[in-house]
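No hydrogens, no waters, no symmetry mates; every other heavy atom, side chains included, goes into these values. Values in this document were obtained by computation on a predicted structure and should not be read as measured data.
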Amino acid sequence: MEYEDFYRRSIDEPELFWLEQAQRIHWKTPPRVILDQSTPPFRRWFVGGTTNLCYNAVDRHLAERAEQLALVAFSTETGVTREVSYRELYGEVNTFAAVLVSLGVGKGDRVVIYLPNIAEAVFAMLACARIGAIHSVVFGGFAAHNLALRIDDAKPVLLIATDAGMRGGKVLPYKPLVDAALSESSYPPRHVLMVDRGLDASMARSEGRDLDYAELRARHAGIEVPVTWLESNEPSYLLYTSGTTGKPKGIQRDVGGYAVAMAMSTRMIFDIAPGQVMFSTSDVGWAVGHSYNVYGPLIGGATSLLYEGLPTRPDPGIWWQLCQRYGVHTMFSSPTAMRVLKKQDTSWLSASDLSSLKWLFLAGEPLDEPTAHWLTDGLGVPVIDNYWQTETGWPAITLMPGLDLKPLKFGSPGLPSPGYRMKIIDEHSGIEQPSHQKGVLVFEPPLPPGCLTTVWRDDARYVSSYFSHFNELLYSSLDWAIRDDDGYITILGRTDDVINVAGHRLGTREIEESIATHNAVAEAAVVGVYDALKGQVPVVFATLKQDAAEDHRVVAQAMQQCVIDRLGAIAKPAQVYIVNALPKTRSGKLLRRSLQALIQQADPGDLSTLDDPGALDEVRRALERGPDQ
Ligand code: AMP
């Protein structure tokens, strides 16, 4: 079938279309109603159907592919490779589930998972799914405050953590961050289940609270835990993402709709058939990691390759060597990672036998043409840009080589995915823009299966964050976009104060709040500034308190450290400028866009509302002087 027909059916006859797609997964009880949209902007897919993500990802494959590899967890940091067949995966997940049950974890309980890209992260997620517990994976690179915020919102009964991760050969202890997060948290869970990797011998244990997974695993080996069948719309997991406030949003996913979206997209978008190998370089802590390191390939009966380490270590050919070694069919990575590799000798691209590799998908941030061309020429396979958000859970704009590959157009992620009714509208009038005119990208409900169902325990925030910009019946992506005459969409950046660093979303508010914890700081404004490698990096403009007599260099460095300590190294400001005043409107709103324009030597835009013109000169002088850190 051609893309046009497939897409058209998904829009014209959504219930029939998704009923057909729902046949890709196992239902304990078939759904009664395919789509319930009686309470917009909420919608429920596959109402009354019962199923289970773990059953679909593991048990269902035992009859046909028990000895096939399900998961390869490859670490160039520790030198450990784990090759796990579906039979072994079944055993590990059941044991993990038995441990969870023994600790009193049950259906609907939240479990926070704070682990690096190791096999246990996958076992833990699937074990939660098996017993109907709701997992909330927190990216291992996030620091204590970020972890504490997520713990306080999810109120977990258990935290699963590790002694340490490793990056570039350096041990990064996790446990001190866990301890700091739990002492900051208002709702610390009773137990911390420690997956001890033996990396940090100095690790401190808290008697009674910290439990050793290896010990409990040995005690529960061989136990089989029955699957808990869940109604399609019950929550499966939470994944927190940044918004414009300092408080991250708990994106909530369902069970049935997500399983169907994973089965469909893995096959039709990523072109992965059962038995084939998918290599996503993402961390399990991100949306891509959830969908295409864990649920997508496993529900699809494929092999998932999980990687811990840098793309350049032991050498910049490591990812291509893995493609050769495991016969990877589809690879999924980010433009930033590819730009890192592009700085290396191009011969690494041709040093491995890549005859099995059919597609390289890249997502998370705009893909620049030089990188796309470099990869296409060097690898000889199509490079497919695809656009999505943590909220969508799977690509919203892409091409679909599993169905029929439409022509690639560099600069555009492609065409709307099945079920996404997209419009580009004028930000003020809400009227649809003609082609080639910039506007806000919106989706008309119902959102397709797999997308968020709400914000955890905060329906009002779901509505106010996504459905209140134009009217209650339009989901705002908060991205600018433009469409060409063939319907291809190009993304032009965020409409809000969210920045995208190396493909990861960071709220400028969160960074500002971290900087404000320094007692010399009066106020801080953070903007995202173009960076050739990471796409964007955070840059700080800050004023100091009147009596702060600190050395600017010292205080600027301390501000960077505040961000690293609270949020993680990923959010570290690239530059800090200390100024005497920040540009604000007469009503006191920070003119972040003007700051961003000034640093990029662009037009600062409409300044008619500027309160103190001297503040802009102040910023200009600071930029001439150079950063303070
Ligand atoms: P996250 O939820 O962290 O994945 O961030 C989602 C945001 O990343 C989107 O709203 C876009 O701003 C940006 N994004 C994701 N994929 C792309 C892409 N292929 N091209 C341009 N921007 C993208």
Ser594 (side chain) donor-acceptor with Pro604 (main chain) under 3.5 angstrom: yes
Any donor-acceptor N/O pair, Ser412 side chain to Lys409 backbone, under 3.5 Å: no
Thr281 side chain near Phe332 side chain, heavy-atom distance below 4.5 Å: no
Electrostatic pair Glu391-Arg253, nearest N-O below 4.0 angstrom: no
Residue pair Ser464 / Arg461, side-chain donor-acceptor N/O under 3.5 Å: no
Minimal non-hydrogen separation, Pro116 against Thr162, with atom names: CD-CG2, 3.6 Å
Atom pair CG/CD1 of Leu452 and Ile251 - distance to nearest 0.5 Å: 5.0 Å
Lys175, NZ: over 12 other non-hydrogen atoms inside 6.0 angstrom: yes
Salt-bridge criterion met for Glu624 and Arg620 (N-O under 4.0 Å): no
Minimal non-hydrogen separation, Ile491 against Ala481, with atom names: CD1-CB, 4.3 Å
Gln252 versus Trp456, closest heavy-atom pair with distance: OE1-CE3, 3.3 Å
Heavy-atom closest contact (Ala144 atom, Ala181 atom, distance): O-CB, 3.4 Å
Full working for salt bridge (charged side-chain N to carboxylate O under 4.0 Å, His left out) between Glu308 and Arg197: CA-CA 13 Å; Glu308 183 190 36; Arg197 306 175 76 195; 2.8 Å; yes
Contact check, side chains of Ile482 and Ile489, non-hydrogen atoms, under 4.5 Å: no
Option from Asp479, Thr398, Thr392 for which side chain to side chain donor-acceptor pair (under 3.5 Å) with Tyr387 holds: Asp479
Closest non-hydrogen atom pair, Ser186 against Asp152: N-OD1, 2.9 Å
Parallel, tilted or perpendicular, as decided by the 30° and 60° cut-offs, for the rings of Tyr466 and Tyr475: parallel
Side chain proximity check, Val526 to Val539, heavy atoms < 4.5 angstrom: no
Cationic N near anionic O, under 4.0 Å, Glu365 to Arg505: no
Sidechain-backbone polar pair: Asn146 side chain, Leu567 backbone, donor-acceptor under 3.5 Å: yes
Beyond-backbone contact of Met331 with Phe361, side-chain heavy atoms, under 4.5 angstrom: no
Gap separating the CD1 atom of Ile384 from the CG atom of Leu360, nearest 0.5 angstrom: 8.5 Å
Presence of salt bridge, Arg313 and Glu77, under 4.0 angstrom: yes
Near-ring test Trp286/Phe142, centroid separation under 6.0 angstrom: yes
Side-chain (Gln575) to main-chain (Val537) donor-acceptor, under 3.5 angstrom: no
Cationic N near anionic O, under 4.0 Å, Lys249 to Asp153: no
Leu239 and Ser136: CA distance, side-chain angles, deciding distance, side chain to side chain contact (heavy atoms under 4.5 Å, CB included) verdict: CA-CA 6 Å; Leu239 183 53; Ser136 172; over 6 Å; no
Side-chain (Gln437) to main-chain (Pro434) donor-acceptor, under 3.5 angstrom: no
Candidate pair Tyr420 and Trp394, rule ring pair (Phe, Tyr, Trp, His ring centres under 6.0 Å), full reasoning: CA-CA 11 Å; Tyr420 286 90; Trp394 57 288; 5.2 Å; yes
Aromatic centroids of Tyr114 and Tyr174 separated by under 6.0 Å: yes
Intermediate values then yes/no, side-chain hydrogen bond (donor to acceptor under 3.5 Å, both in side chains), Ser435 and Asp484: CA-CA 5 Å; Ser435 42; Asp484 75 5; over 6 Å; no
Side-chain heavy-atom pair Ile515, Cys562 within 4.5 angstrom cut-off: no
Distance-only donor-acceptor check, side chains Asp459 and Thr454, under 3.5 Å: yes
Intermediate values then yes/no, side chain to side chain contact (heavy atoms under 4.5 Å, CB included), Thr336 and His504: CA-CA 10 Å; Thr336 292; His504 305 312; over 6 Å; no
For Asp611, all residues meeting side chain to side chain donor-acceptor pair (under 3.5 Å), sequence neighbours excluded: none
Within 6.0 angstrom of Phe410 CZ, more than 12 heavy atoms from elsewhere: yes
Leu182 and Leu159, any side-chain heavy atoms less than 4.5 Å apart: yes
Selection residues 569-592 - residue pairs positive for salt bridge (Lys or Arg N to Asp or Glu O under 4.0 Å), sequence neighbours left out: Asp497-Arg592, Glu512-Arg592, Glu523-Lys584
Side chain to side chain contact (heavy atoms under 4.5 Å, CB included) between Leu375 and Leu362, intermediate numbers included: CA-CA 11 Å; Leu375 286 163; Leu362 298 177; 3.8 Å; yes
Plane angle bin for Phe541 and Tyr577 - parallel if under 30°, tilted between 30 and 60°, otherwise perpendicular: parallel
Arg553/Asp551 salt bridge by N-O under 4.0 Å criterion: no
4.5 Å side-chain heavy-atom contact, Leu415 and Ile397: no
Asn386-Trp388 side chain donor-acceptor pair, cut-off 3.5 Å: yes
CD/Gln601: more than 12 non-hydrogen atoms of other groups inside 6.0 Å: no
Main-chain N/O of Ser465 paired with His469 side-chain donor or acceptor, under 3.5 Å: yes
Donor-acceptor contact below 3.5 Å, side chain Asn293 vs main chain Val284: no
Donor-acceptor pair, side chain of Arg566 and main chain of His145, under 3.5 angstrom: no
Thr78 versus Ser75, side-chain donor and acceptor atoms under 3.5 Å: yes
Shortest non-hydrogen contact from Pro156 toward Tyr187: CD-O, 4.4 Å
Evaluation steps, side-chain hydrogen bond (donor to acceptor under 3.5 Å, both in side chains), between Thr390 and Tyr240: CA-CA 8 Å; Thr390 303; Tyr240 285 82; over 6 Å; no
Side-chain donor/acceptor of Thr371 to backbone N/O of Leu367, under 3.5 Å: no
Main-chain N/O of Ile431 paired with Asp426 side-chain donor or acceptor, under 3.5 Å: no
Sub-4.5 Å side-chain heavy-atom contact between Pro627 and Val576: no
Worked check of side chain to side chain contact (heavy atoms under 4.5 Å, CB included) between Thr543 and Asn580: CA-CA 6 Å; Thr543 56; Asn580 288 325; 6.0 Å; no
Whether His135 and His290 hold their rings parallel, tilted or perpendicular, with breakpoints at 30° and 60°: tilted
